[in-house]
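Quick notes on the structure that follows.
Keep in mind it's a predicted model, so treat the numbers as computed, not measured.
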Amino acid sequence: MFLASCYKRCPSNKILAVFGKVSGGKSVKCYHGGGAFILPLIQDYTYLDLTPMTLHIPLKSALSQQNIRINVPSTFTVAIDTTPEAMNNASVRLLTLSREQIEMMAIEMIIGQLRLTVASLRIEEINQDRERFLLECRKHIELELKKIGLMLLNVNITDITDESGYIESIGRKSISTALNQAKVDVANQEKTGESGKAAAEKERRIQVATYNADAVQGENEAKAKIANVNAQLLEQEADAARRGQIAQQNSYAEINKAKSLAELQRLEAEEIVPKEIEKRKIEIAAAADASKQRLEAEGKAAAILSIKEAEAEGTRKVLAAKAEGYKLLVQACANNSQDAATMLMIEKLEEIAKLQAEAIKNIKIDKITVWDSGNSSNGNSSTANFVSSMVKALPPLHEIAAMTGVNLPNYLGDLQKHNAATTAVPASEENNKSSKISK
């Protein structure tokens with residue numbers, strides 16, 4: 001109930017003015033419509049009436065620009081404005097005033113501005129151009145009324161008179177001028193009427209003859225026009241027939257064009273589009289296959305690279321192991337590389353001998369017949385030379401070792417001494433050996 005009693009509503013034809021301690025640092029706050037909460041003891045409120053006020057102002061002896069005093073009886077309708085600035089001005093200056101006091105204040109302001117407006121205009125301008133006079137009145141009066149929160153709704157000037165009779169004289173002069181002008185206009189019209197009558201008769205006769213001539217000429221022109229129209233009709237009919245044939249041919253062409261376009265679209269939909277789709281499928285499949293082959297090739301290359309790297313690593317490790325073994329072998333031979341090579345060669349002699357035996361084991365010799373005719377040019381018999389050549393066909397062990405740069409140990413004999421001993425064998429022994437082989 002307390003809150004309900006504090007809330008004040010504002011009617012549409014009034015302004016609610018709240019004063020006291022209000023927000024915004026203002027002395028009063030106005031509401032047009034709606035409502036507001038009024039805080040007891042801190043705030044108070046009142047209403048400003050928006051009902052229009054009609055002010056009758058019988059302005060007398062207002063001095064015009066020509067220094068002629070005139071009377072301007074008028075009626076002004078004013079009311080409090082509802083714009084925020086005007087409501088604030090009205091609440092500040094008219095809040096505690098009665099309606100009669102507000103009307104008196106407005107009348108004083110209007111009379112002052114009305115006298116100022118009359119003083120800035122000539123009597124002719126005031127009397128004849130009422131619209132300009134009312135516009136000047138509004139311009140001066142509205143600006144002053146806005147200062148106290150009022151707005152001008154309507155201005156009505158009833159009649160304008162002067163004490164010296166200047167406006168009445170202007171009226172009589174205007175009446176005399178109008179009467180004289182009317183008499184002149186009547187005389188001119190009578191003269192114009194007689195002259196016009198004669199001229200009309202003349203014009204009538206001329207026009208009758210002209211009309212007769214024009215009638216004949218018109219008949220001839222009408223006949224020519226009929227003939228021309230008939231010719232134009234024939235031309236138009238021929239042109240229409242030609243245009244009809246052209247339109248028919250154009251329609252046939254359009255129909256054929258439409259059929260061709262439809263057939264083209266059908267062929268495109270039935271043949272080109274499927275082939276295009278198949279082409280796209282082939283392209284996609286080829287791209288996928290190429291990508292697959294590329295990935296497989298990359299995988300194979302990576303696998304081969306890994307294998308080769310592993311083989312290289314194995315070879316490197318084997319070579320490293322051999323190098324380490326050779327190093328230990330050289331160290332075992334008192335750092336003598338020649339002795340180390342000899343030891344390695346000795347290990348391979350058995351394998352070499354086997355390879356030599358393999359080379360001749362499959363040779364089948366059924367029999368050998370040697371015709372010995374005696375001593376040859378070198379002192380040996382033919383049989384000795386044959387045996388010697390056959391033995392020399394196999395590479396001696398010392399020669400194989402010499403080819404590898406290895407000197408065999410002394411307990412395996414010496415190649416040079418052996419050759420010398422062979423050379424020193426007596427011819428008789430060679431002959432005996434030859435005879436044994438022959439047998």
Side-chain donor-acceptor contacts of residues 93-100 below 3.5 Å, not counting sequence neighbours, with atom names and distances?
from : atom 1 : to   : atom 2 : distance (Å)
R93  : NH1    : K147 : O      : 3.3
S98  : OG     : Q101 : N      : 3.4
R99  : NH2    : P52  : O      : 2.8

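- The two residues A17 and V28 have their closest heavy-atom pair at CB-CG2, 4.0 Å.
- Partners of K308 by salt bridge (Lys or Arg N to Asp or Glu O under 4.0 Å), not counting sequence neighbours, listed by chain and number: E311.
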Exercise for the section: Carefully, step by step, assess L39 and C6 under the rule side-chain contact (heavy atoms from CB on, under 4.5 Å). Expected result: CA-CA 7 Å; L39 301 178; C6 292; over 6 Å; no
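- A distance of 8.0 Å separates CG in L59 from CD1 in I57, rounded to the nearest 0.5 Å.
- Checked against ring pair (Phe, Tyr, Trp, His ring centres under 6.0 Å), Y252 has no partners two or more places apart in sequence or in another chain.
- Judged as a side chain to side chain contact (heavy atoms under 4.5 Å, CB included), and not counting sequence neighbours, the contacts of N230 are I226.
- Between the side chains of Q217 and E221, a donor-acceptor pair is found at a separation under 3.5 Å.
- Rounded to the nearest 0.5 Å, atoms OG (S64) and CZ (R69) are 9.5 Å apart.
- Proximity of E298 to R294: side-chain heavy atoms (C-beta onward) are separated by under 4.5 Å at one or more points.
- Taking CG of N71 as the reference point, atom OG of S61 lies at 5.5 Å (rounded to 0.5 Å).
- S306 contributes a side-chain N or O that, together with a main-chain N or O of A302, makes up a donor-acceptor pair within less than 3.5 Å.
- For L305, the side chain to side chain contact (heavy atoms under 4.5 Å, CB included) criterion is met by E309, not counting sequence neighbours.
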Problem - Criterion side-chain contact (heavy atoms from CB on, under 4.5 Å) on L48 and K14, from CA distance to verdict - result: CA-CA 5 Å; L48 292 173; K14 292 184 179 181; over 6 Å; no
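- Annotation for L50 and I80: closest pair CD2-O, 3.6 Å, computed over non-hydrogen atoms.
- Residues passing the side chain to side chain contact (heavy atoms under 4.5 Å, CB included) test with E254, sequence neighbours excluded: K257.
- Using a 4.5 Å heavy-atom cutoff, the side chains of Y31 and V18 are in contact.
- Listed by chain and residue number, nothing satisfies the salt bridge (Lys or Arg N to Asp or Glu O under 4.0 Å) test with E131 (two or more places apart in sequence, or in another chain).
- In this structure, L55 CG and M109 CE are separated by 11.5 Å, a value rounded to the nearest 0.5 Å.
- Residue pairs meeting the side-chain hydrogen bond (donor to acceptor under 3.5 Å, both in side chains) criterion with at least one member in residues 77-88, sequence neighbours excluded: D81-T83.
- Residues satisfying the side chain to side chain contact (heavy atoms under 4.5 Å, CB included) test with V155, not counting sequence neighbours, are F76, L134, R138, L152, I157.
- The list of side-chain hydrogen bond (donor to acceptor under 3.5 Å, both in side chains) pairs with a residue in residues 32-50, not counting sequence neighbours, reads D49-T51.
- Q113 CD to L143 CG: the interatomic distance, rounded to the nearest 0.5 Å, is 7.5 Å.
- No side-chain donor-acceptor contact under 3.5 Å links N228 to the backbone of A224.
- With salt bridges taken as basic N to acidic carboxylate O contacts below 4.0 Å, one links D239 and R242.
- A salt bridge does not link K327 with E324: every distance from a Lys NZ or Arg NE/NH1/NH2 to an Asp or Glu carboxylate oxygen is 4.0 Å or more.
- Distance check, rounded to the nearest 0.5 Å: CG of N89 to CE of M87 gives 10.5 Å.
- In summary, the side chains of N335 and Q331 do not present any donor paired with an acceptor at a separation below 3.5 Å, with no hydrogens or angles considered.
- Nearest heavy-atom pair, L114 versus C137, reported as atom, atom and distance to 0.1 Å: CD1-SG, 3.5 Å.
- Inter-residue side-chain proximity for V78 and L145 is flagged as met; some heavy-atom pair is nearer than 4.5 Å.
- Atom CG of L295 has more than 12 neighbouring heavy atoms from other residues, nucleotides or ligands inside a 6.0 Å radius.
- Partners of E203 according to the salt bridge (Lys or Arg N to Asp or Glu O under 4.0 Å) rule, which considers only residues two or more places apart in sequence or in another chain, do not exist here.
- Listed here is the closest heavy atom pair of V72 and I70: CG2-CD1, 3.8 Å.
- The number of heavy atoms from other shown groups lying within 6.0 Å of CZ (R266) is above 12.
- K146 NZ: 12 or fewer foreign heavy atoms inside a 6.0 Å radius.
- Residues passing the salt bridge (Lys or Arg N to Asp or Glu O under 4.0 Å) test with R132, sequence neighbours excluded: E125.
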